[in-house]
Amino acid sequence: SLSTKAGTISTEPKSPIVTQKKSGNDVIVFTDRSVGVVRFQGLPYIYGYERIVDTPIPYSSASIAEVSDGVIWASMAGFWVFNGVNVAPLPCSVWNWIEDAIDDSGSKYFAHCFVSTVTSEMFWFFSSGNEVGQADRYVVFDYKEKIWGMGKMRRTAGLSYPNDPNPILADGKK
């Protein structure tokens with residue numbers, strides 16, 4: 001359940017909340033069984049929960065990114081996008097490479113997204129299991145051109161400002 005000043009909002013079907021992502025004025029809520037959205041409905045402090053669809057949950061709570069097309073997340077069943085109304089699979093031309101390279105248990109803890117708004121790219125870093133405790137592989141999606149790429153690069157976090165051509169990416173070293 002989600003607590004608000006007006007009371008409690010229950011998710012349907014009842015299941016634990018795994019993670020969430022704020023998107024505009026909404027909050028996208030991922031339970032272990034479905035995706036829903038919490039929306040402000042009016043004063044004073046009135047919110048509603050709308051179940052959108054049963055779909056796979058993100059690999060990790062950091063495997064979610066907001067881009068101009070909506071909210072994208074990586075799951076064990078591929079990439080998904082929520083455009084504010086509907087959830088749909090996001091075709092990924094490099095998914096076979098991901099399936100061959102990914103370490104599911106490590107990615108559960110270390111996978112994360114990074115968005116560069118200057119280049120219109122979303123990076124998803126995941127663990128191959130080759131480097132313990134690291135996300136050492138990535139896929140990149142150019143969400144304007146709808147082009148996928150992939151590579152090997154260890155990164156633990158990233159930060160990008162809207163007009164900054166040089167994003168900051170950390171590799172976990174000093």
Side-chain angles (χ1 to χ4, degrees), residues 1-92 94-95 98-115 122-129 131-139 141 143 154-160 170 172:
S1 295
L2 302 173
S3 295
T4 68
K5 289 187 176 183
T8 302
I9 300 173
S10 296
T11 60
E12 292 296 331
K14 290 190 184 276
S15 55
I17 293 173
V18 176
T19 189
Q20 56 77 35
K21 177 73 175 174
K22 185 167 180 352
S23 174
N25 292 327
D26 300 337
V27 177
I28 314 307
V29 177
F30 298 87
T31 72
D32 64 356
R33 297 172 64 187
S34 65
V35 175
V37 63
V38 175
R39 289 195 168 112
F40 177 73
Q41 295 181 334
L43 294 174
Y45 309 111
I46 300 172
Y47 293 86
Y49 175 80
E50 176 187 353
R51 183 174 159 266
I52 304 297
V53 69
D54 293 337
T55 191
I57 62 172
Y59 256 102
S60 69
S61 60
S63 291
I64 309 165
E66 184 176 14
V67 300
S68 59
D69 293 347
V71 175
I72 297 174
W73 67 94
S75 75
M76 293 180 100
F79 284 88
W80 297 82
V81 63
F82 174 66
N83 64 9
V85 179
N86 298 310
V87 172
L90 179 62
C92 177
V94 297
W95 187 253
I98 295 169
E99 288 183 314
D100 290 342
I102 196 164
D103 172 41
D104 288 331
S105 60
S107 294
K108 181 174 141 182
Y109 297 103
F110 302 109
H112 61 279
C113 286
F114 166 76
V115 176
M122 181 218 51
F123 290 80
W124 181 59
F125 292 90
F126 62 93
S127 174
S128 70
E131 296 190 39
V132 177
Q134 294 289 330
D136 60 345
R137 305 281 171 101
Y138 71 92
V139 293
F141 178 58
Y143 51 89
R154 181 177 60 209
R155 292 295 181 259
T156 56
L159 177 65
S160 176

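This chain uses plain numbering: 1 for the first residue, then up along the sequence. Worth knowing before you read on, the calculation uses all heavy atoms, side chains too, and leaves out hydrogens, waters and symmetry mates.
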[X] [atom1] to [Y] [atom2] distance, which is reported to the nearest 0.5 Å:
X      : Y      : atom1 : atom2 : answer
Asp100 : Ile102 : CG    : CD1   : 11.0 Å
Gln41  : Glu50  : CD    : CD    : 9.5 Å
Cys92  : Glu99  : SG    : CD    : 9.5 Å
Ser127 : Lys108 : OG    : NZ    : 13.0 Å
Ser107 : Ile98  : OG    : CD1   : 10.0 Å

So do [Y] and [X] actually touch side chain to side chain, heavy atoms under 4.5 Å?
X      : Y      : result
Val37  : Val27  : no
Ser128 : Asp103 : no
Ile72  : Ile64  : no
Ser60  : Tyr109 : no
Met76  : Asp104 : yes

Closest approach of Val115 to Ser160 (non-hydrogen atoms, all atoms of both residues):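 Where Val115 meets Ser160 most closely, the heavy atoms are O-CB, 3.4 Å.
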
What residues form a side chain to side chain contact (heavy atoms under 4.5 Å, CB included) with Thr156, not counting sequence neighbours?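 Testing Thr156 for side chain to side chain contact (heavy atoms under 4.5 Å, CB included), a comparison that skips the adjacent residues, returns Gln134, Ala170.
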
Evaluate salt bridge (charged side-chain N to carboxylate O under 4.0 Å, His left out) for Glu66 paired with Lys21, printing each intermediate quantity in order. CA-CA 8 Å; Glu66 184 176 14; Lys21 177 73 175 174; 5.5 Å; no

Can Met122 and Cys113 be said to form a side chain to side chain contact (heavy atoms under 4.5 Å, CB included), step by step? CA-CA 7 Å; Met122 181 218 51; Cys113 286; 4.1 Å; yes

Ser23 side-chain N/O to Asp26 backbone N/O, donor-acceptor pair under 3.5 Å: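 Not confirmed, Ser23 side chain does not pair with Asp26 backbone.
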
Using modelled atom types and a 3.5 Å cut-off, is there a donor and acceptor pairing between side-chain atoms of Lys22 and backbone atoms of Gly24?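 At least one qualifying donor-acceptor pair exists.
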
Please report, to 0.1 Å, the donor-acceptor pairs under 3.5 Å made by any side chain of residues 77-90, with sequence neighbours excluded.
from  : atom 1 : to    : atom 2 : distance (Å)
Trp80 : NE1    : Ser75 : OG     : 3.1
Asn83 : OD1    : Val85 : N      : 2.9
Asn83 : OD1    : Asn86 : N      : 2.8

For Trp73 and Phe30, what are the C-alpha separation, side-chain angles and deciding distance, and is it a ring-ring contact (aromatic ring centres under 6.0 Å, His included)? CA-CA 11 Å; Trp73 67 94; Phe30 298 87; 4.8 Å; yes

Tell me whether the centres of the aromatic rings in Tyr59 and Trp124 are closer together than 6.0 Å.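 Under 6.0 Å, so yes.
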
Counterpart residues, ring-ring contact (aromatic ring centres under 6.0 Å, His included), relative to Tyr138 (two or more places apart):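 Residues passing ring-ring contact (aromatic ring centres under 6.0 Å, His included) with Tyr138: Phe123, Phe125.
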
If the threshold is 4.0 Å, N to carboxylate O, is there a salt bridge linking Arg154 and Asp136?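 So Arg154 does not pair with Asp136 through a salt bridge.
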
